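Here's the structure, in structure tokens; my notes come after.
No experiment lies behind these values; they were computed from the predicted model shown. Chain identifiers are assigned alphabetically (A, B, ...) following the order of the sequence lines, protein sequences preceding nucleic acid strands; residue numbering begins at 1 within each chain.
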Amino acid sequence: MNIQENVKNTIVTAINQGLVTAIENGELPKPNADMDIKSLIYPEVPKDTTHGDFACNIAMVLAKTFSMAPRKIAEAIVSNLPKCEDIEKVEIAGAGFINFYLTNNWLYSTLEAIENQGEAYGKIDLGKGKKVMVEFVSANPTGPMHMGNARGGALGDCLASVLEYAGYDVTREFYINDAGNQIEKFGKSLNARYIQLLKGEDAIEFPEDGYQGEDIAEHAKAFIEINGDKHLNMSENERKQALIDYALEKNIVALKADLEKYRIHYDVWFRESTLHESGEVKRAIDKLKENGYTYEEDGAIWLNCEKMGMEKNEVLVRQNGIPTYFAADIAYHMNKLETRKFDWAINVWGADHHGHVARMKNALGAVGIEPSRLDVVLMQLVRLMQNGEVARMSKRTGKSITLSDLLVDISVDAARFFFNLRSAGSHLDFDLTLAAEQSNDNPVFYVQYAHARICSILRLLKEEGTDVKAFSDVKVELLKEPDELSLLKKLCDLPEEIKMAAESLEPSRITRYVMELATCFHSFYNSCRVKVDDTELMNARLKLIDSTRIVIAGVLKMLKITAPEKM
RNA sequence: GCGCCUGUAGCUCAGCUGGAUAGAGCAACUGCCUUCUAAGCAGUAGGCCAAGGGUUCAAGUCCCCUCAGGCGCACCA
């Protein structure tokens, strides 16, 4: 049950009825028969609370249609509004706003909803059980994860949680790029380090475009410790393959471990190589051929993107017969949307891949899949700073800075919260030095502190024999201080916030919501005491803060952040 | 050159299908702990919403143009 939505519906119905009556009375002109006036009625929460609980601009919207002054229209509507016990008073203000002041009953019923639903409060049925896959991070398995993956991880994981709350059947997936060029490069790099370790630095030249990181040499060294030098006599291809098989598995295990530490658990780890082995890549290309979107040139097979209104054509199969990443990606999305029958696929990509979005969607259209079934959340890249300067390498270790390095300096709670503070589209500078120094300033502690404070009061009162009462035994109407009401209002907002976060694919809304909720609580805490002589009032406030505790804990759990009872 | 993203307080960012006086946090300043956790609260100050045009009763929000920054434009992924 979404209380706010119900209240809005009540108001829409009332306004609509007022309109209809006014038209019947002849106080307002008759609109065209095909005009759906009801759909134009949008009550919204005014920024300024003195403008009522909900405001509606319908009179201004209809001014032109009716050729009347907005205030006149508003007066006609208001004088014909049906009686409604939830509406305390209605005022016409400003240019023609109709402001609704409601009784507090709807706010009080929030406490009942929280009691009934517990930590599930806030869940809605926007998704109606539709199957959606969120694919995120999908970091290159040739090395450890960087700061961008840290942001993408927090973003994707929380987006998945938000969609779960919104009623979708969500699968989290990691796409392992264990095929293609970068694996080839990985193999060449490993091979070079392997030979250098056994036969000396000068025995083989390190590939120009190879992976320079120390982790490559470490893999080669560990490989030698296990297998000795027996691979030296094999063909280069056999040796490379053995090295790749060994190092890739190690890397994947490390990726899994790092992500688990970051509290991200995937339902599926999907390997690109399986798409090649199963023939799905070939089938995707055949399908494109069949539908007339391919042609051959210079010995390569091309996708005719110009035919789909795009500027540039793309290679699907190289001259050497090896399919491109793009071809595999088309097969992958066919696998998601056709083979595995997901209704909706969401990918979290770094903004540097934005050029790929339109191509991918068009390619889906070309194989007969509705492109709107794929959404891509583009995340702006993280620019890593250290001591106020742009940093590429960690000054401490000399290696590039990884997710695990980050988690040495700041807590998982702080990292997840920080990376979900801003919308995906905002460019982000991340100063590791500052983050480590000021981790106490991280707003996550502000929210956790609110939770701990509530727990502390509950503990104290419990020791004195006072427990939280059931909603039906509490005189909630005693809650009427401004800070009590704004806290109630904020609690009431959660389902609506979930809805907006899900619709806009912006989990950062929820992070900001829970901060605002904490603000409401802290204000309440400073202006109203819970432990007061008036037992009825104490019980009402106790109910209020316990409900707040449940909501904060629930939201933090959704974001996979701990909710400490003491700080 | 073409395309995508961004530009709002000193700094980092919100601003919901256009709505009433543009909001937070940090930094600065002033108050509030013998009473439930001061990791908190209340308040002051800080703005030509990058510049210019347009649409509208109404523009930070929509359209056009310019400027600045980031990122793309491979038989890489």
> Just how far, in rounded Å, is P of B/G15 from CZ of A/Arg509?
Replying inline: 6 Å

>> Give me the distance, rounded to whole Å, that separates B/U66 from B/G60 when you measure between the P atoms they each carry.
In response: 22 Å

> Syn or anti for B/C48, taking syn as within 90° of 0?
Replying inline: anti

>> Between B/C65 and B/C75, how many Å separate the two C1' atoms, rounded to a whole number?
In response: 39 Å

>> I need the A/Lys531 NZ to A/Met538 CE distance, nearest 0.5 Å.
In response: 9.0 Å

> Any idea how A/Tyr211 and A/Phe186 line up, ring-wise: parallel (<30°), tilted (30 to 60°), or perpendicular (>60°)?
Replying inline: perpendicular

> B/C2 and B/U56: how far apart are their P atoms, nearest whole angstrom?
Replying inline: 31 Å

>> Tell me the closest heavy-atom pair linking A/Val137 and A/Gly152, and the distance in Å.
In response: CG2-C, 4.2 Å

>> What is the distance, to the nearest angstrom, from the CZ atom on A/Phe521 to the P atom on B/A39?
In response: 14 Å

>> With rounding to the closest Å, how many angstrom separate the C1' atoms on B/U8 and B/U61?
In response: 12 Å

> What distance separates A/Glu506 CD from A/Ser423 OG, expressed to the nearest 0.5 Å?
Replying inline: 4.5 Å

> In whole Å, what separates the P atom of B/U55 from that of B/C73?
Replying inline: 40 Å

>> Using side chain to side chain contact (heavy atoms under 4.5 Å, CB included), reason through A/Ile41 and A/Leu19 one step at a time and then give a plain yes or no.
In response: CA-CA 11 Å; A/Ile41 305 173; A/Leu19 260 167; 4.2 Å; yes

> Is the A/Phe326 ring parallel, tilted or perpendicular to the A/His356 ring (thresholds 30°, 60°)?
Replying inline: perpendicular

>> With side chain to side chain contact (heavy atoms under 4.5 Å, CB included) as the criterion, how do A/Val162 and A/Arg509 come out once you've worked through the C-alpha distance, each side chain's angles and the decisive distance to 0.1 Å?
In response: CA-CA 10 Å; A/Val162 164; A/Arg509 291 192 71 101; over 6 Å; no

> A/Asp493: what forms a salt bridge (Lys or Arg N to Asp or Glu O under 4.0 Å) with it, not counting sequence neighbours?
Replying inline: none

Considering only nitrogen or oxygen atoms on both sides, find all protein atoms under 3.5 Å from nucleotides 19-24 of chain B and state each distance.
residue: B/G19; atom: N7; partner: A/Asn57; partner atom: ND2; Å: 2.6
residue: B/A20; atom: OP2; partner: A/Lys47; partner atom: NZ; Å: 3.3
residue: B/A20; atom: N6; partner: A/Asn99; partner atom: OD1; Å: 2.8
residue: B/A20; atom: N1; partner: A/Asn99; partner atom: OD1; Å: 3.3
residue: B/A20; atom: N1; partner: A/Asn99; partner atom: ND2; Å: 3.1

>> Generate the contact string for nucleotides 72-77 of chain B. Rules: B means base contact, S means sugar-phosphate contact only, - means no protein heavy atom under 4.0 Å.
In response: SSSBSB

> Can you name the residues that form a salt bridge (Lys or Arg N to Asp or Glu O under 4.0 Å) with A/Lys462, not counting sequence neighbours?
Replying inline: A/Asp467

>> Just the rounded figure in Å: distance from P of B/G25 to CG of A/Asn420.
In response: 20 Å

> Do NZ/NE/NH1/NH2 and the carboxylate oxygens of A/Glu277 and A/Arg271 come within less than 4.0 Å?
Replying inline: no

> Atom NE2 of A/His522 and atom P of B/C36: how far apart are they, to the nearest Å?
Replying inline: 16 Å

> Is the charged tip of A/Arg453 near the ring of A/Phe521: under 6.0 Å from the six-membered ring centre and within 45° of its axis?
Replying inline: no

> If we take the P atom in both B/G19 and B/C13, what is their distance in whole Å?
Replying inline: 23 Å

> Just how far, in rounded Å, is C1' of B/G70 from CZ of A/Arg151?
Replying inline: 12 Å

>> Please report the distance separating the P of B/A50 from the corresponding atom of B/C16, rounded so that it comes out in whole Å.
In response: 14 Å

> Roughly how many Å is it from NZ in A/Lys8 to P in B/C16, rounded to a whole number?
Replying inline: 13 Å

>> OP1 or OP2 of B/C57 versus the side-chain N and O atoms of A/Lys64: is any pair under 4.0 Å?
In response: yes

> When rounded to the nearest Å, what value does the distance between C1' atoms of B/U17 and B/C62 take?
Replying inline: 12 Å

>> Between A/Ala63 and A/Ala424, which residue's closest nucleotide on RNA chain B lies nearer the 5′ terminus?
In response: A/Ala424

> Parallel under 30°, tilted from 30 to 60°, perpendicular over 60°: which one fits the rings of A/Trp269 and A/Phe174?
Replying inline: parallel

> Can you tell me how far C1' of B/U37 sits from CG of A/Leu458, to the nearest Å?
Replying inline: 13 Å

>> Does B/A42 have its OP1 or OP2 closer than 4.0 Å to a side-chain nitrogen or oxygen of A/Ser523?
In response: yes

>> Quick check: closest heavy atoms across A/Ala563 and A/His451, and the distance to 0.1 Å?
In response: O-CE1, 3.3 Å

> Reckon A/Ser456 touches a base, only the sugar-phosphate, or nothing at all at heavy-atom distances under 4.0 Å?
Replying inline: base

> Any side-chain N or O of A/Tyr446 less than 4.0 Å from the OP1 or OP2 oxygen of B/C41?
Replying inline: yes

> NA contact type, A/Gln448, heavy-atom cut-off 4.0 Å: base, sugar-phosphate, or nothing?
Replying inline: nothing

>> Taking the cut-offs as 6.0 angstrom to the six-membered ring centre and 45 degrees off its axis, would you call A/Lys8 and A/Phe54 a cation-pi pair?
In response: no

Protein-nucleotides 9-12 of chain B N/O pairs closer than 3.5 Å?
residue: B/U12; atom: O2'; partner: A/Arg422; partner atom: NE; Å: 3.4
residue: B/U12; atom: O2'; partner: A/Arg422; partner atom: NH1; Å: 2.9
residue: B/U12; atom: O2'; partner: A/Arg422; partner atom: NH2; Å: 2.5

> Of all the nucleotides listed (B/G40, B/U37, B/A14), which has the minimum atom distance to the side chain of A/Arg512?
Replying inline: B/A14

> Under a 3.5 Å cut-off on both pairing distances, which runs of 3 or more consecutive Watson-Crick or G-U pairs involve RNA chain B?
Replying inline: B:1-7 with B:67-73, B:10-13 with B:23-26, B:28-32 with B:40-44, B:52-54 with B:62-64

> Reckon A/Ser423 has a side-chain N or O less than 4.0 Å from the OP1 or OP2 of B/A14?
Replying inline: yes

> Which heavy atom in A/Ala154 sits nearest to a heavy atom in A/Phe419, and how many Å separate them?
Replying inline: CB-CB, 3.7 Å

>> I'd like to know whether A/Val555 forms a side chain to side chain contact (heavy atoms under 4.5 Å, CB included) with A/Tyr165, so could you lay out the CA-CA distance, the side-chain angles of the two residues, the decisive distance to 0.1 Å, and finally the verdict.
In response: CA-CA 10 Å; A/Val555 172; A/Tyr165 257 63; over 6 Å; no

> How long is the line joining CG of A/Asp533 and P of B/U35, in whole Å?
Replying inline: 16 Å

> NA contact type, A/Ser508, heavy-atom cut-off 4.0 Å: base, sugar-phosphate, or nothing?
Replying inline: nothing

> When all nucleic acid strands are considered with a 4.0 Å heavy-atom cut-off, which category describes A/Glu463: base, sugar-phosphate, or nothing?
Replying inline: nothing

